[in-house]
Every structure is written in structure tokens, then in C-alpha cells.
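Heads up, the thing below is written out as C-alpha cells.
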Amino acid sequence: MDSLLEIIKNLKKEEIRNFKIFTKRFHRQEDIKITTLFDLIRSGTYDEDEKGMIAKLFAQDKDVSNAYYRLKNRLKTELEKSLLNLHHNLDEKIDTINLITLANIFSYKAQYNLSLYYLKKAEKTALQNEYYDLLDFIYSQIIELSYNFIFDQINPLEYIEKRKENTRKNSVFMEANNAIAAVSYRLRKSNLSNNEDMDNVLQKTLEDLNIANEIYTIPNVKLKIHYCIRNILFQNKDFYRLERYLIESYNDFEEEKIFTKSTQSARIILITWIVNTLMVNKKWNDSIRYIEILHEELNRFNKLYYDNFIWTYYQSLITSYIASDRLDEAIQLLLQIIELPAHTGLKFLYEFAIYCNLALCYYFKKNISEAIKTLSRLFLKDVYPKFSTENQFSISLIEIILHYENANLDYVTYRIGEIRRQFKTLLKADTHQEEKAFLKILLNMCNKADPMHDKLLLTQMKEFATTASKVQIGSGKYIELGLWIQSKIDKKHYYAYLYEALQSYNAS
């Protein structure tokens with residue numbers, strides 16, 4: 001793996017901006033080449049043409065291979081410095097490591113009082129976050145530093161005892177990891193059947209395994225056992241019980257103050273699970289309430305996890321709006337997202353979901369022409385090829401449905417032929433037999449003069465509508481094909497059927 005390429009291709013906008021500022025200190029021509037190389041790699045123009053890149057950088061020079069590789073190494077070093085500079089306080093662990101580094105710098109400079117000052121700051125942060133491995137290093141550094149003080153600024157015996165206590169706690173922590181594995185195994189074996197109370201099963205498991213309360217109350221242990229119970233309930237598709245368990249866990253963890261900056265990602269993931277489970281259980285108003293809580297948490301700690309989870313927030317809110325017949329709000333939100341600088345530049349997964357959802361919202365509002373226009377954005381030659389085969393297939397299905405609704409029957413007939421050729425392999429798979437049957441029915445609907453009075457076709461449509469997969473939240477389907485066919489049979493709008501299905505959806 002080319003680590004330099006991997007670093008550059010995954011830089012966020014703020015990291016690119018920081019690197020540009022960081023390199024403004026360069027003045028020599030050789031140094032300026034570093035930023036030129038950075039821009040060339042980012043452009044992707046020379047991804048498969050290293051010789052072309054070398055020629056671009058060293059146009060008049062001969063035998064420049066060594067110079068090129070030196071330049072790459074220098075660029076990597078400068079990028080590493082820039083990232084360290086930008087993210088120096090990303091979380092408590094990095095902050096603690098930086099404090100230890102500062103202590104070492106001052107120790108090298110024989111400024112021992114300052115070194116001790118930063119080691120004590122590092123100790124405080126490490127204690128708050130249970131960084132036992134770092135604490136062991138901090139205490140060894142303080143004990144070593146004590147040799148450099150003539151007076152008794154440091155009592156080494158105090159720190160020797162602290163180190164012993166930390167070793168004991170670290171031993172408890174290791175025992176806790178063993179306990180997590182054992183408890184998780186027992187809980188999976190119990191399978192948490194419907195007639196069992198989770199708290200009782202958990203308590204009995206802890207007692208049977210002789211797990212000390214001191215270990216179980218460690219936040220990391222509680223969280224990992226929580227993950228285990230959550231996953232078992234999810235695998236059992238026990239969504240109503242899962243909903244109750246997740247909300248109770250969230251309230252308990254907040255009350256016990258388990259969530260800190262270092263466990264903020266766990267808090268966000270738990271809220272996301274609550275949102276998704278509420279949507280599965282068709283509790284749309286409740287889901288929107290927790291979606292807003294999710295947004296509040298994404299803004300916490302200087303937006304530490306904002307970029308990682310912001311699309312989860314948007315997608316959840318859009319889904320809830322669509323299911324709650326709040327289409328205007330869904331459209332307004334999607335249009336706002338499109339204008340956000342953070343979501344331009346084609347992050348393809350987001351672009352796919354944004355324009356598919358927006359096109360469908362226009363369709364649900366019976367604005368077919370706007371729906372077709374919106375979806376066409378995904379067929380641009382510099383966009384469409386970069387989607388996965390599955391996503392290309394999904395877009396194509398939406399497109400032919402929209403054009404059918406717009407009475408462009410010749411175009412639909414033509415596109416079905418293209419789709420069958422382009423996705424020939426996909427349509428042979430067992431997982432896509434429903435779509436294959438749908439294409440055949442839709443083609444017949446286009447070719448019949450009066451399809452709704454053709455008995456054979458009508459029989460096929462009714463059978464398809466009955467046997468097609470039912471609405472399943474989170475399935476990734478943008479159009480429920482069975483519902484769509486049923487809407488054609490009954491001569492009603494598809495969204496009316498979808499909305500009804502989302503309200504009466506049975507999660508179990």
C-alpha cells in the first residue's frame with residue numbers, strides 16, 4: 001500500500017486547508033515542489049502514470065528518481081506534522097500523549113520543574129480516562145525525574161505506591177476484559193428468550209462467573225456488555241424489546257455519567273441505534289425527537305464526531321419526514337444539504353442517496369418532471385460510472401418507473417432492454433429474481449394497449465404484488481416494487497400505499 005496516497009486521498013477539507021497554511025512557510029524552490037506534488041496526487045491525474053508525474057515535477061532534470069522519492073518522503077513527513085498539529089487535542093488520549101511529549105522535551109532541556117508540571121497534568125487526564133498503560137509510563141517518568149531534584153520536590157515513594165496501585169487497577173482492567181468475553185458468551189448462549197428478564201439473566205450470569213461489582217461498574221465493561229445484549233436482541237429481531245432496552249440503557253448511562261469526551265462515540269452510536277429501532281417500530285414522532293438529540297450530541301466537544309455521523313443524522317431525519325407525510329420538509333432539507341460545502345465534491349455514497357431521495361420526494365408530490373430532472377443528475381458521465389453496480393441498478397429502476405408515470409412508454413421499453421443487457425449477471429442472481437420479474441411485467445404494461453384490461457397480465461401483476469417482498473425498514477430499497485404494482489392495479493398513487501404501509505408496518 002502507498003501510505004502517502006492513502007493519507008492524501010482521505011484528507012478532509014479542514015486538513016487540506018491546514019496543510020496549505022502549514023506549508024506557507026516554504027520559500028525555497030525545492031520546498032515549493034512539495035505542495036506541487038501534493039496537488040498532483042490529489043488531482044488523481046497521475047494515479048497510474050508515475051513517470052508522467054516525475055516529468056511534470058522535474059521537467060529539465062535527468063536521473064531524478066532518487067530526488068522524486070526523497071520529495072515523496074518529505075511530503076509525507078510534512079503531512080504527518082500538519083495532521084499532528086491540527087489534531088493535537090482531538091481526544092483525551094492524544095492530549096495525554098502530547099503532555100508526556102512536552103514533559104520529555106523540557107526534560108531534555110534540563111527544565112525539570114516544567115517537565116514535572118506537564119507529567120502531573122498528564123497524570124490527571126490519564127486518571128480521569130482510565131489510561132492505565134499511559135499512567136504506568138507517566139509514573140516511571142516521574143520516578144526517573146526525581147533523580148534530577150536536589151530537594152524533595154518529588155517523593156519517589158509516593159509515585160512507587162501509585163505505580164503499584166495502577167498495576168493493580170490494570171490487572172482489574174485485564175480481568176474485566178476476560179469478564180466481558182465470558183459474560184458475552186453466556187448471554188449469547190442464553191439467547192434472551194422472550195420470557196426471560198434481561199436484568200435477571202445478566203445478574204445471574206455475573207454471579208455464576210463470580211464477576212466482582214468493581215469490575216462490572218467499570219464504564220468500558222458496562223458498555224461492552226450492553227453491546228452484547230443489544231446485538232442478541234437485534235439478531236432475534238426482537239425490536240420492541242430492543243427499543244425498550246436501548247432507551248433504558250441510554251437513560252441509565254446518562255444518569256451514571258458514563259459518557260465523557262472519550263466515550264462520546266459510544267453515546268452517538270447508542271442514540272443512532274435508538275433512532276433506527278424507533279423507525280423500525282414505526283414510532284416516527286419519537287424517532288424525530290431522538291434525531292434532534294443526536295444532532296445536539298454531534299455538536300458537542302467542538303464537533304468531534306460531526307463529520308463521522310452527520311449523514312446518519314440527515315438520512316434518519318429524511319426517512320422520518322417521508323414516513324410522516326412531511327414531504328415539503330424533506331425536500332427543503334435535501335436542497336439545503338446539496339448547498340452545503342461539506343457535501344459537494346462528490347462523496348458518491350452521499351450524492352447517490354441525496355438525489356435519489358430528492359427525486360422520490362418530488363415523485364411522491366406528483367411532480368414527475370422535477371423528479372426525472374433531479375434523478376438525471378446521477379446519470380452524468382463523470383458520476384454514474386463511479387457508483388457500485390447495485391446503486392446503478394437502483395437508479396435505473398427508479399428512472400424507468402418515473403418515465404412510466406410520465407407516459408414515456410417507448411423510452412421505458414428501450415431502457416428495459418438496456419438494463420437487461422447491462423445488469424445481465426445481476427439479474428441471474430437469486431437475490432434479484434423479484435426485480436427480473438418486475439421488468440418483465442413492466443415491459444408488458446408498456447406494450448399492451450390497455451394493460452389493466454388484459455386478464456393474463458392483470459393476473460401476473462396481482463400475483464407479483466402478493467408475493468413480492470414486504471416493506472422492510474432499512475432494506476435499502478428505494479421503491480417497493482410490490483406496492484408499486486398494486487398501486488397500478490388499484491389506479492391509486494404509489495405514495496398513498498407506501499405511507500399506509502409505513503404506518504401499519506409490523507416490525508416483528
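Distance alone, capped at 3.5 Å, places no donor-acceptor pair between the S320 side chain and the M279 backbone. The closest donor-acceptor contact from the side chain of N73 to the backbone of Y69 lies under 3.5 Å. No side-chain donor-acceptor contact under 3.5 Å links H87 to the backbone of L84. A donor-acceptor pair under 3.5 Å links the side-chain atoms of Q433 to the main chain of L427, judged by distance alone. D136 places no side-chain N or O within donor-acceptor distance of the main-chain N or O of Y132, the cut-off being under 3.5 Å. A donor-acceptor pair under 3.5 Å is absent between the side-chain atoms of N18 and the main chain of E14, judged by distance alone. Between the side chain of S388 and the backbone N or O of N391, at least one donor-acceptor pair lies under 3.5 Å. The closest donor-acceptor contact from the side chain of Q235 to the backbone of I232 lies at 3.5 Å or more, if one exists at all. The main-chain N or O of L71 is never found under 3.5 Å from a side-chain atom of K76 such that the two would form a donor-acceptor pair. T167 contributes a side-chain N or O that, together with a main-chain N or O of R163, makes up a donor-acceptor pair within less than 3.5 Å.
Here the closest non-hydrogen pair linking F379 and E399 is CZ-OE1, 3.7 Å. Residues K257 and T260 approach most closely at O-CG2, 4.5 Å, considering heavy atoms. Pairing each heavy atom of E480 with each of Y494, the nearest pair is N-OH, 2.8 Å. Closest of all the heavy-atom pairs between I143 and P156 is CG1-O, 4.4 Å. The shortest heavy-atom contact between I258 and T263 is O-OG1, 3.1 Å. Of all the heavy atoms in L439 and I416, the pair that sits closest is O-CD1, 3.9 Å.
Interatomic distance, L135 CG to N166 CG, rounded to the nearest 0.5 Å: 4.5 Å. S396 contributes atom OG, which lies 5.5 Å from atom CD of Q422 (distance to the nearest 0.5 angstrom). Distance check: H403 NE2 to L375 CG gives 8.0 Å after rounding to the nearest 0.5 Å. To the nearest 0.5 Å, the span separating CG on L327 from NZ on K366 amounts to 11.5 Å. Within the model, atoms CZ of R377 and CG of L380 stand 5.0 Å from one another, a figure rounded to the nearest 0.5 Å. Interatomic distance, CD1 of I293 versus OG1 of T272, reported as 11.5 Å (0.5 Å rounding).
For CZ of R42, the number of neighbouring non-hydrogen atoms (other residues, nucleotides, ligands) closer than 6.0 Å is 12 at most. Around the CG atom of N302, the shell of radius 6.0 Å holds no more than 12 heavy atoms that belong to other residues, nucleotides or ligands. Around atom CG of D410, no more than 12 heavy atoms belonging to other residues, nucleotides or ligands sit under 6.0 Å away. More than 12 heavy atoms of other shown residues, nucleotides or ligands fall within 6.0 angstrom of atom NZ in K20.
Remark: the K477 side chain and the S469 side chain contain an N/O donor-acceptor pair separated by less than 3.5 Å. Q264 and D91 are not linked by any side-chain donor-acceptor pair at a separation below 3.5 angstrom, with hydrogens and angles left out of the test. A donor-acceptor contact closer than 3.5 angstrom is absent between the side chains of W273 and E243. Under 3.5 Å, the side chains of Q128 and E92 contain no donor-acceptor pair of N or O atoms. Side-chain contact, Y306 with E297: no donor N or O sits under 3.5 Å from an acceptor N or O.
When each of Y363, Y404, Y362 is paired with I368, the side-chain contact (heavy atoms from CB on, under 4.5 Å) condition holds for Y363 and for no other. With I401 as reference, L481 is the one residue of L481, L360, V412 to meet the side-chain contact (heavy atoms from CB on, under 4.5 Å) rule.
Side chains of L426 and E390 form a contact here, defined as non-hydrogen atoms less than 4.5 Å apart. The side-chain heavy atoms of T96 and I138, taken from C-beta on, include a pair separated by under 4.5 Å. When side chains are defined from C-beta on, I372 counts as touching N406, because their heavy atoms get closer than 4.5 Å. At least one side-chain heavy atom of I338 sits under 4.5 Å from a side-chain heavy atom of L358. Counting only heavy atoms from C-beta outward, the side chains of L278 and L246 never approach each other to under 4.5 Å. In this structure the side chain of L223 never reaches within 4.5 angstrom of the side chain of L270, judged on heavy atoms. Looking only at side-chain heavy atoms (C-beta outward), I322 and Y495 come within less than 4.5 Å of each other. At a threshold of 4.5 Å between non-hydrogen side-chain atoms, the residues L242 and V280 do not count as touching.
Taking the six-membered ring for Trp and thresholds of 30 and 60 degrees, Y384 and F387 have ring planes more than 60 degrees apart, a perpendicular arrangement.
Aromatic rings from F352 and Y478 are positioned such that their centres are separated by under 6.0 Å. Two rings, from Y321 and W284, have their centers 6.0 Å or more apart. Less than 6.0 angstrom separates the ring centroid of F393 from the ring centroid of H432.
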Please list, one pair per line, the donor and acceptor atoms closer than 3.5 Å that link side chains of residues 115-124 to other protein atoms, with sequence neighbours excluded.
unit_1 : atom_1 : unit_2 : atom_2 : d
S115   : OG     : A103   : O      : 2.8
E123   : OE2    : Y139   : OH     : 3.0
E123   : OE2    : K162   : NZ     : 2.9

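Taking the ring centre of Y131 as origin, the terminal cationic atom of K93 falls inside the region bounded by 6.0 Å and 45° from the ring axis.
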Discussion item. Is there a ring pair (Phe, Tyr, Trp, His ring centres under 6.0 Å) between F38 and F19? Walk through the geometry before answering.
Written reply: CA-CA 10 Å; F38 175 77; F19 178 72; 4.6 Å; yes
Worksheet entry | Chi angles and distances behind the salt bridge (charged side-chain N to carboxylate O under 4.0 Å, His left out) call for E370, K365 | CA-CA 10 Å; E370 195 63 37; K365 294 276 291 180; over 6 Å; no
Worksheet item: When you look at E296 and R300, which way does the salt bridge (charged side-chain N to carboxylate O under 4.0 Å, His left out) test go after all the steps?
Response: CA-CA 7 Å; E296 290 173 14; R300 197 189 284 260; over 6 Å; no
Worksheet entry | salt bridge (charged side-chain N to carboxylate O under 4.0 Å, His left out) between K261 and D95, intermediate numbers included | CA-CA 12 Å; K261 186 177 181 181; D95 195 34; over 6 Å; no
